[in-house]
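The structure appears right after this line, and notes come after that.
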Amino acid sequence: MPRYWLLKSEPFKYGWDNLVAEGEGTWDGVRNYRARNNLAAMEVGDQAFFYHSREGLEIVGICQVSHAGITDPTDPTGKWAAVKVKPLKRLPRSVTLAQIKAEPRLAECELIRLGRLSVAELTPDEWAVICQMAGL
DNA sequence: GCCAACGTTGGC
DNA sequence: GCCAACGTTGGC
């Protein structure tokens, strides 16, 4: 049973287009325990929305975990986790934060409840709602 | 172990 | 660019 996630990135630092261009990206640099726990819980095959923070403020695509349980290569202490992801598909319609906030079924998701969490989990129901909003 | 100060994140 | 929210740090 795959789990579902949402990964935030600032598009001017590393956006969806960068991930597509590279074919595979390492999700590292996370220094928040809750986000770390989510990263550590990911398994190969899990899917994640790719969300543009600071600019755009919308989910633009879906990526898939290609390597799980990696030690963050940018961390000299070896305590922090990372994963690798591959782009799966761009959403037919981007789903904005405003739309997510306006949807009562998404009011309880980690993205909304914990606004500054950079790696959030979504329930299968929440995932399905967003997929529907994206035109999938 | 508490809590004030500080730094960072991210929506607006 | 501002500021609220939150996490972390460090003095006591």
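Quick caveat: nothing in here was measured; it's all calculated off a predicted structure. Keep in mind that the numbers below use all heavy atoms, side chains included, and drop hydrogens, waters and symmetry copies. A, B, ... follow the sequence lines: proteins, then strands. Residue 1 opens every chain.
- Considering A/Lys84, A/Lys86, A/Glu24 as possible partners of A/Ser66, the one that fulfils the side-chain hydrogen bond (donor to acceptor under 3.5 Å, both in side chains) test is A/Glu24.
- Between A/Tyr33 and C/dC6 there is no side-chain polar atom (N or O) within less than 4.0 angstrom of OP1 or OP2.
- Between the CD atom of A/Glu110 and the C1' atom of C/dC6 there is a distance of 15 Å, rounded to whole Å.
- Considering only side-chain N and O atoms, A/Lys101 lies under 4.0 angstrom from the phosphate OP1 or OP2 of B/dC12.
- Separating the CZ atom of A/Arg34 from the P atom of C/dG7 is a distance of 9 Å, rounded to the nearest angstrom.
- Among the heavy atoms of the strands, none lies under 4.0 Å from A/Leu114.
- In this structure, OH of A/Tyr14 is placed 17 Å from P of B/dG10, rounded to the nearest angstrom.
- Rounded to an integer number of Å, the gap from NE2 of A/His52 to C1' of B/dT9 is 17 Å.
- Ring geometry for A/Tyr33 versus A/Trp80: interplanar angle of 30 to 60°, hence tilted.
- Summarising the geometry, the separation between CG on A/Asn32 and C1' on C/dA5 is reported as 13 Å, rounded to the nearest angstrom.
- As a whole-Å value, the separation of A/Glu58 CD from B/dC12 C1' is 16 Å.
- With 3.5 Å as the limit, one finds a donor-acceptor pair spanning the side chains of A/Trp5 and A/Asp46.
- Per the geometry, CZ belonging to A/Arg116 stands 7 Å off C1' belonging to C/dG7, to the nearest Å.
- Atoms CG (A/Leu57) and P (B/dT9) sit 16 Å apart, rounded to a whole Å.
- In this structure, a donor-acceptor pair under 3.5 Å is present between the side chains of A/Thr74 and A/Asp72.
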